[in-house]
Amino acid sequence: MPVITLPDGSQRQFDRPISVAEVAANIGPGLAKAALAGKLDGILVDTSTVIDYDAKLSIVTDKDPDGLEIIRHSTAHLLANAVQELFPDAQVTIGPVIEDGFYYDFAYKRPFSTEDLAAIEKRMAEISAKDLKVHRRVMPRDEAVAHFKKIGEHYKAEIIGAIPAGESISLYGQGDWEDLCRGPHVPSTGKLKAFKLMKVAGAYWRGDSRNEMLQRIYGTAWANEKQLKEYLTRLEEAEKRDHRRIGRELDLFHLQEEAPGAVFWHPKGWTLFQQLIAYMRERQTAAGFQEVNTPEVMDRELWVKSGHIATFGENMYLTQTPDERTYALKPMNCPGHIQVFKQGLRSYRELPLRFAEFGKVHRYEPSGALHGLMRVRAFTQDDAHLFCTPDQITEESVKVTQLILGIYRDFGFEDVRIKFSDRPAKRVGSDEIWDQAEAALRQAAAAAGIETTLNPGEGAFYGPKLEFVLRDAIGRDWQCGTLQVDFNLPGRLGAVYVGEDSQKHTPVMLHRAMFGSLERFIGILIEHHAGKLPTWLAPVQAVVMGITDRQDKYCLEVAENLRNQGVRVETDLRYEKVGFKIREHTIKRVPFLLVAGDREVEGRTLAVRTRGGKDLGSLELVELTALLCDEVASRGRLVLEDRVSQRRSA
RNA sequence: GCCGGCUUAGCACAGUGGUAGUGCAACGGUUUUGUAAACCGUAGGUCGGGGGUUCGAAUCCCUCAGCCGGCACCA
């Protein structure tokens, strides 16, 4: 006779085997109605699951993250059901839950159109309205393979065929429709109410571009209409942060057809770019890096030796010149830095040598990969290569890791994850060397006290890497920094140093980037801040404006004064109402709007308004300058707005 | 690169076979103005490029390019 222990510790005894749904009903009619599934001894099960032994059970409802996941999974089934009713010869493949929703891939003779999508969504609502009971049955693997082959579901048959023989397969469905699935699912289709189909797209079968392309339908599903609406609003908000849109609105940069994937930086955007470089230069110089600069165009043979041609030849730009030689535009800076290292005979006493370069690289990325500043064909890396002895790897890696994390903090990114990527299938160097490199990097990560997650097979072709992934204001992850241990390239390109033993040795090379790509990092910053860049980065930090032309002279004087203190300031002396000017510069996300009327001229002050719309009242010019400079120098840790507000309230 | 969609004035968009439009911006004028849009007027387009169908193409067809959403790729 089963004794069921509920999450609050209470126990209920039953005199016969009992289903999850019955337990829920025994607790209360409200819960019976809300039950989507059960968690039986930690495992999710259907509400129809019968329990005939003592167990711990919690009832899963749509308030649970597990419940939402089940809703999404069942909605994916609902989608497949609707598609097969409307398009009987469409074959089902896979339909997993993803963040905020689900997708389902179908094999069909033609792509689905947006009209099809509307029709499918309508049919889904109809099936939901019928509140069909979701049923489950189990059959042996081989029988399941035969069954799916018989009904013309060849992809499903292939998937099941990969499951070990002898195992049983569960089938879930509603009405006449059925699909292979591990479950669990909601008890009936009526539980699926708040969903929306989002888009159709092509996707390769089994994620391999050599396979045929399937039709993927993406959808979102939520516990209720309110959540769905909130999600759609969130998408709209994210769209407003799009760096491509803000880049145009703020006149930062543009892209055009003649140069796909290459950026035309406008004065304001380039100011931001230069701020990042100045900042990075300061930080890395303090950390013992020396800046170098190496050619953008070098003989193709160098890239054959390095192994880049073999691995990435298809993605490199080659030049045609009147001479007989073929040159390549550099896709990376490492071989250039190795050439600098190789000049003269290096001694172990010089190591570690740390060469840094703001190197502009060109990569012929697949056309479909290009995306604003985030994925371009010409970009600037804040690249560096550390040449060291094997003994120095750990210490240098720890220092680089700390530098990277410190830099992210200055930009307001506190939430950073680190991935460890080990040897890829396509690589150079022996397994022994890879064993050594991976062990060295693992040890370095441990010494730095950081936690990493494994990213199997994702290392560079010459070495394993740590990837620094930062999370932005709306929860998206961006891979930026990287630290790679390389036992291969220095040897391939003939770099040596003389050791303590007077013998020649090959140095180990550490590759590191912190922003990764300056272009991309700017894109991330724009989206993270929705264009409201911190004052220390803003291309224009303040605009001085008068109310009438009586204040013109004073405005110019104030601006000059601020400019002399290093503030990036503009004046707006147009013959317009102050409200109009405020609106324009607020839209341009200028941090501080400084207004001068007759009162301010007389008192040598400025009325200060923030882009957030806050009126900070009048401040004396000297005081304002000091506060502004503090905010910039502290990189936003001393906030003008907060300091003024605090003082006013004190 | 693959699948689908899109490309009309500086920007956002309307126009589905019969004389290319609206709003904002721009330019000219009037308004001297106190914190998110003053008013009036003017100009601006080989409708992404090329080819075809048609008496006639922004509109239909072919092709190339770019962009957008996915997939694949990402040293």
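In what follows, chains are A, B, ... by sequence order, proteins preceding strands, each numbered from 1.
A:R110 comes within 4.0 angstrom of nothing in the nucleic acid, heavy atoms only. Across all strands, A:P331 comes closer than 4.0 Å to base atoms (heavy-atom distances). Nucleic acid contact for A:L214: none, since no nucleic acid atom lies under 4.0 Å from a heavy atom of the residue. Contact annotation for A:R248: backbone-only contact, meaning every heavy-atom pair under 4.0 Å involves sugar-phosphate atoms and none involves a base. Using a 4.0 Å heavy-atom criterion, one finds that A:F112 contacts no nucleic acid atom at all. Counting non-hydrogen atoms under 4.0 angstrom, A:K426 reaches nothing in the nucleic acid. Residue contacts shown for A:Y218 are limited to sugar-phosphate atoms, with no base heavy atom under 4.0 Å away. A:S209 comes within 4.0 angstrom of the backbone, heavy atoms only, and of no base. Backbone-only engagement by A:V578 is indicated by non-hydrogen atom pairs under 4.0 Å involving sugar-phosphate atoms exclusively. Counting any heavy atom pair closer than 4.0 Å across all strands shown, A:G207 reaches sugar-phosphate atoms only and no base atom. Among the heavy atoms of the strands lying under 4.0 Å from A:A369 is at least one base atom, whether or not backbone atoms are also near.
Comparing the same atom, P, in B:rC67 and in B:rA26 gives a spacing of 29 Å after rounding to whole Å. Of the C1' atoms belonging to B:rA20 and B:rG56, the separation is 16 Å, rounded to the nearest Å. On the C1' atoms, B:rA37 is 13 Å away from B:rG23, given to the nearest whole Å. The gap from the P atom of B:rA58 to that of B:rC2 amounts to 30 Å, rounded to the nearest Å. The gap from the P atom of B:rC47 to that of B:rU19 amounts to 15 Å, rounded to the nearest Å. Separating the P atom of B:rC61 from that of B:rG4 is a span of 15 Å, rounded to the nearest Å. Taking atom P on both nucleotides, B:rG52 is separated from B:rG45 by 26 Å, rounded to a whole Å. The C1' atoms of B:rU53 and B:rG44 are separated by 33 Å, rounded to the nearest whole Å.
Among the nucleotides B:rG66, B:rA36, B:rG69, the one closest to the side chain of A:K199 is B:rG69. Nearest to the side-chain atoms of A:P260 among the listed nucleotides B:rG66, B:rC71, B:rG34 stands B:rG66. For A:F580, whose side chain is taken as the heavy atoms from C-beta onward, the closest listed nucleotide among B:rU32, B:rA75, B:rA25 is B:rA25. Distances were taken from every side-chain heavy atom of A:F461 (C-beta onward) to each of B:rA36, B:rA75, B:rC71; the shortest belongs to B:rA75. The side chain of A:M213 approaches B:rC71 more closely than any other nucleotide in the set B:rC71, B:rU35, B:rA25. Of the listed nucleotides (B:rC67, B:rA75, B:rA36), B:rA75 has the atom at the smallest distance from the side chain of A:K465. Comparing B:rC74, B:rG34, B:rG69 against the side chain of A:R363 picks out B:rC74 as the nearest. Nearest nucleotide to the A:T586 side chain, out of B:rC73, B:rC2, B:rA36: B:rA36.
The partner of B:rA36, taking Watson-Crick or G-U wobble pairs whose two distances both stay under 3.5 Å, does not exist in any strand shown. Nucleotide B:rC11: paired with B:rG23 (Watson-Crick or G-U wobble, both distances less than 3.5 Å). Using Watson-Crick or G-U wobble geometry with both donor-acceptor distances under 3.5 Å, B:rG48 finds its partner in B:rC64. Across all strands shown, B:rC71 forms a Watson-Crick or G-U wobble pair with B:rG1, both key distances being under 3.5 Å. When Watson-Crick and G-U wobble pairs are counted only if both distances are under 3.5 Å, B:rA43 pairs with no nucleotide at all. Both distances falling under 3.5 Å, in either a Watson-Crick or a G-U wobble arrangement, occur for no nucleotide opposite B:rU16. Remark: B:rU59 base-pairs with no nucleotide; criterion is Watson-Crick or G-U wobble with both hydrogen-bond distances under 3.5 Å.
The backbone N or O of A:K419 lies less than 3.5 Å from no partner atom in the side chain of A:N455, so there is not a single donor-acceptor pair. Judged by distance alone, with hydrogens and angles left aside, the side-chain atoms of A:R248 form no donor-acceptor pair with the main-chain N or O of A:H243 at under 3.5 Å. Side-chain N or O atoms of A:D477 include none that pairs as donor or acceptor with a backbone N or O of A:V469 at under 3.5 Å.
Taking only distance into account, the side chain of A:Y204 meets the base of B:rG1 through a donor-acceptor pair shorter than 3.5 Å. You'll find a donor-acceptor pair under 3.5 Å spanning the side chain of A:R609 and the base of B:rA36, going by distance alone. A donor-acceptor contact under 3.5 Å links the side chain of A:R375 to the base of B:rC74. Side-chain to base pairing of A:R245 with B:rC11: no donor and acceptor N or O lie closer than 3.5 Å to each other. Contact annotation: side chain of A:E600 to base of B:rG34, donor-acceptor pair present below 3.5 Å. For A:D549 and B:rU32, a side-chain-to-base donor-acceptor distance below 3.5 Å is present, hydrogens and geometry of angles not being considered.
A 4.5 Å side-chain heavy-atom check between A:Y554 and A:V544 finds every atom pair outside the cut-off.
Between atom CD1 of residue A:I338 and atom CZ of residue A:F387 there is a gap of 5.0 Å, rounded to the nearest 0.5 Å.
Closest-nucleotide positions on RNA chain B for A:L370 and A:P111 were compared, and the one nearer the 5' end corresponds to A:P111. Between A:H511 and A:G372, it is A:G372 whose nearest contact on RNA chain B lies nearer the 5' terminus.
A salt bridge between A:K465 and A:D422 is absent, with no side-chain N of the basic residue lying under 4.0 Å from a carboxylate O of the acidic one. The pair A:D572-A:R574 counts as a salt bridge, with a side-chain nitrogen and a carboxylate oxygen less than 4.0 angstrom apart. Electrostatic pairing of A:R241 and A:E237 does not count as a salt bridge here, judged by no charged N lying under 4.0 Å from a carboxylate O.
Nearest heavy-atom pair across A:L621 and A:T625 is O-OG1, 2.7 Å.
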